[in-house]
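Quick note on labels: first sequence line is chain A, next is B, and so on, each numbered from 1. Both backbone and side-chain heavy atoms feed into the values below; hydrogens, waters and symmetry mates do not.
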There are 2 protein chains.
Amino acid sequence: MSMINYELYKVFYLAAKTGSLTQAARLLYLTQPSVSHAIKQLESSLGATLFARNAKGVELTQEGAILYAYIEQAHTFITLAEDKMAELSNLESGELRIGGSDSLFKHYLLAYLEAYRLAHPGIAIRLIHGTTPELIASLKEGAIDLGVVRLPISDTQLEINRGIELQDCFVAGSQFSELKDQTLSMEQLLRYPIILFSRNSRARSAITDLFREHGHELTPQIEVGSVDLLLEFARKGLGISFVTREFAARHLEDGTLFAIKLDVKVPPSQVGFMTLRNMPLSKAAQQFLSMIG
Amino acid sequence: MSMINYELYKVFYLAAKTGSLTQAARLLYLTQPSVSHAIKQLESSLGATLFARNAKGVELTQEGAILYAYIEQAHTFITLAEDKMAELSNLESGELRIGGSDSLFKHYLLAYLEAYRLAHPGIAIRLIHGTTPELIASLKEGAIDLGVVRLPISDTQLEINRGIELQDCFVAGSQFSELKDQTLSMEQLLRYPIILFSRNSRARSAITDLFREHGHELTPQIEVGSVDLLLEFARKGLGISFVTREFAARHLEDGTLFAIKLDVKVPPSQVGFMTLRNMPLSKAAQQFLSMIG
DNA sequence: GTTAATCATAGACATGGTTTATGACTCCTA
DNA sequence: TAGGAGTCATAAACCATGTCTATGATTAAC
C-alpha cells in the first residue's frame with residue numbers, strides 16, 4: 001500500500017482547481033512555499049510530475065490531469081460527507097427511531113413527537129412497535145435508537161431514563177353507575193365482568209399479581225388487544241376495564257367512563273426510556289430525550 | 001469551509017473497516033493512542049460521536065455509519081487514483097501522442113514505435129499528422145506530447161532534441177539513365193521535368209531557396225502530396241523527384257531509382273523532436289525519447 | 001480471579017510541516 | 001528597455017502538530 005498522506009490530495013485538488021499554488025495556499029490558510037512543498041512531496045510519492053509551473057501559475061500535466069479526475073471525485077464525496085455531518089449536527093436531517101407500544105405512542109409520546117417534528121422537520125421519525133423483549137432486541141441490533149416501555153427493566157446493557165408515572169385503574173361505564181360512589185374490595189370487584197389487555201402485557205401481569213398476593217384470582221371475561229378496545233368495551237357496558245387512567249382521561253372527563261375506587265392501592269407504573277449503555281445516542285435522539293427530560 | 005484534515009478520514013476509514021483502532025493503527029504503522037487521538041479529533045470537528053467503544057473494539061454509531069458511506073467512496077477513488085498513477089509510472093498504461101508528417105512516421109519512427117509498443121503494450125500510441133505550424137499549435141494546446149519535424153525551428157517556447165540527419169536529393173528512374181554518371185549543374189537539371197512535394201513543405205522551400213540563392217527558379221512540372229507519390233512518379237519516368245534519400249533507400253538499392261549528382265551540395269536536413277519547454281513530459285513520452293536518444 | 005484484550009489519557013518527544021527570507025524567472029507596462 | 005509585480009523554487013530555522021511511551025480503566029473470556 002502506497003499510503004500517501006490524504007492531506008496532500010486536498011492541497012493538490014485546490015492547486016489544480018485554482019491553477020495557482022499561491023491561491024491554493026490562500027484557501028488553505030498556508031503560505032505558498034508550504035503548498036509548493038506539499039505538491040513536490042506528492043509528485044515524488046507518485047513518481048510523476050503533476051504540474052507544469054509557469055509565470056502565471058500552474059497547469060496540470062497529462063498525468064496530473066488523470067490524477068485530478070479521480071481526486072475531484074474523492075473531494076466531492078468528502079465535501080458531501082462534511083455537509084451531511086453538518087446537517088446531522090444541526091438536526092436538519094437524520095432519523096429518529098423509537099420503539100414502544102402503540103398506546104404509549106398515542107397517549108404519551110404524541111405531543112412530544114409533534115413538537116419535535118415542528119422544531120426539526122428535516123428529521124425522519126420512525127416508530128417501531130413491539131413488546132419490551134422485542135424492543136430490547138431491536139436496540140441491541142441497532143434497529144432503534146431508544147425504546148419507551150414500562151419499568152422496571154433489568155438489563156445491564158441498558159441505560160434507563162425515567163419518564164412519567166402512570167396510574168392504572170378499573171373503569172366502567174354508565175351501566176355500572178351504582179358503583180360510582182362506592183369503594184370496592186377485590187372480592188366485590190370480581191363479581192363483575194372484567195376486561196383485560198391480552199396476555200404478555202406488563203400492565204396485566206402487574207394487576208393479576210397484585211390480586212394473587214391478596215389471595216384472589218383475576219380472570220378476565222373478555223381479553224382485547226388494544227387500549228382503545230378496552231375503553232370502547234367499557235363504555236358499551238360489556239364490563240369493567242383495567243386501563244391506564246391517563247389514557248382514559250378524555251372519557252373520564254366527559255363522564256362516559258368513571259374510575260372505580262378500590263380499597264387496595266394499585267401501585268403506579270413508571271414509564272422509562274431505554275437506550276443502549278454502550279452506544280452513543282445520535283444527535284436526533286439526544287435532542288428528543290432532552291425535550292422530554 | 002470546515003476544512004478537516006483529510007488524513008483523519010483515512011484513519012477513520014480503516015478504523016471503521018477493521019472495527020478496531022488497534023488494527024487500524026497497525027495498518028497505518030502508527031500506535032493505538034495516535035489513532036484514538038485522530039478519531040477523537042475528527043469527532044470533535046464534526047460534532048458527532050462516530051464510534052461506540054467497547055471491549056472488543058469499536059462500532060460505528062448512526063452518524064458514523066452515515067459518514068462511512070461517503071468516506072468509503074472517497075477512499076475508493078483515491079485508491080483508484082493511486083493505482084492508476086502507479087500504472088502510469090510503470091508504463092503499464094498511458095497515452096503517447098506524437099505529431100509529425102506521415103513520411104517521418106513511416107520511414108523514421110516506425111521502427112521505434114514497434115519497439116515501444118512491444119516493450120509497453122499498455123500504452124496507447126496516437127499519431128497526429130500535420131504541418132509544422134499545426135503541430136506547434138497542437139503542442140501548445142496540449143493535444144500532443146511531442147512533434148517530429150525538420151529543423152531548424154525557432155520558437156522560444158519549444159525545446160528541440162536533434163534526431164537523425166536526412167539528406168535530400170534528386171532521384172530519377174531508368175528513363176533518365178543517361179544522367180546516372182554525370183554531375184549536373186542546376187541549369188542542366190532545370191531542363192528536365194521536376195516533381196516536388198506540394199507547397200508548404202519544409203523540404204521544398206529549402207531546395208527552392210537554394211536554387212534561388214544561385215540565381216535559378218525551381219518550378220516543378222508536377223506537384224504531389226506524398227513521399228510515396230514522389231517516388232512512384234519518378235519510377236514511372238514522369239520526371240525527376242526531389243526526395244529524402246533515406247526514404248528512397250529501397251528503390252535506390254533495387255536500382256529502380258538512382259540519385260542524381262549535383263555540383264552544388266544540398267545541405268542535409270536535421271530531424272528534431274520538439275516538446276514544450278514549460279510542460280514536463282509524461283512518463284510515456286520520456287521513455288519514448290530515451291529509446292531514441 | 002486472573003489474564004489478555006480493548007480504548008483513553010497524559011505528558012514527553014521529535015518528526016514534519018510551516019514559515020521566513022530570498023532567488024530565479026516571466027509577463028506586462030511605462 | 002527597464003521596472004514592477006506576479007509567478008514558483010529553495011534553504012534553513014522554527015515550532016506545532018502528531019506521535020510515542022507509559023499507564024489506567026474497562027470489559028470479556030477462561
Is it true that A:Gln157 and A:Asn278 share a donor-acceptor pair across their side chains at a distance under 3.5 Å? no

From CD1 of A:Ile4 over to P of C:dG16, roughly how many Å is that when rounded to an integer? 15 Å

For B:His37 and D:dT23, what is the distance between atoms NE2 and P respectively, to the nearest whole Å? 21 Å

Separation of atom CD in A:Gln41 from atom P in C:dT15, rounded to whole Å: 15 Å

For D:dT21, take OP1 and OP2 only and decide whether either is under 4.0 Å from a side-chain N or O of B:Thr31. no

Under the criterion side chain to side chain contact (heavy atoms under 4.5 Å, CB included), I'd like the reasoning laid out for B:Glu95 against B:Ile123: C-alpha separation, chi angles, the key distance, then a yes or no. CA-CA 5 Å; B:Glu95 198 180 36; B:Ile123 295 181; 5.7 Å; no

Using a cut-off of strictly less than 4.0 Å, decide whether B:Arg53 has a side-chain nitrogen or oxygen near OP1 or OP2 of C:dT6. no

Does B:Lys40 have a side-chain nitrogen or oxygen under 4.0 Å from the phosphate oxygens OP1 or OP2 of C:dC7? no

Atom CD of B:Glu59 and atom C1' of C:dT6 are separated, to the nearest Å, by 14 Å

Are B:Asp145 and B:Arg126 close enough for a salt bridge, meaning some N to O gap below 4.0 Å? no

Answer yes or no: does a side-chain N or O of A:Ser36 lie under 4.0 Å from OP1 or OP2 of D:dA9? yes

Less than 4.0 Å between a side-chain N and a carboxylate O, is that true for B:Glu43 and B:Lys40? no

Gap between atoms CG and P, on A:Leu21 and D:dT10 respectively (whole Å): 12 Å

If only side-chain N and O atoms of B:Ser34 are considered, is one of them under 4.0 Å from the OP1 or OP2 phosphate oxygen of D:dG18? no

Any side-chain N or O of B:Ser20 under 4.0 Å from OP1/OP2 of C:dC7? yes

For the side chain of A:Pro33, counting heavy atoms from C-beta on, which of C:dT9, C:dT19, D:dT19 is nearest? C:dT19

Nearest-nucleotide pick for B:Val58, side chain only, options being C:dC7, D:dG6, C:dG17: C:dC7

Quick check on DNA chain D: between A:Arg277 and A:Thr22, whose nearest nucleotide comes earlier from the 5' end? A:Thr22

Think A:Gln32 has a side-chain N or O under 4.0 angstrom from the OP1 or OP2 of D:dT7? no

Which part of the nucleic acid, if any, lies within reach of B:Asn5 when heavy atoms closer than 4.0 Å are counted: base, sugar-phosphate only, or nothing? sugar-phosphate

Whole angstroms only, please: what is the CG-C1' distance between B:Leu30 and D:dT19? 8 Å

Rounded to whole angstrom units, what separation is found between the CD1 atom of A:Ile39 and the P atom of C:dG17? 13 Å

A:Tyr29 OH to D:dT17 P: how many Å, rounded? 16 Å

Under 4.0 Å from OP1 or OP2 of D:dA29: is there any side-chain N or O of B:Lys56 that close? yes

Is it true that atom NZ of A:Lys140 has more than 12 heavy atoms of other residues, nucleotides or ligands lying nearer than 6.0 Å? yes

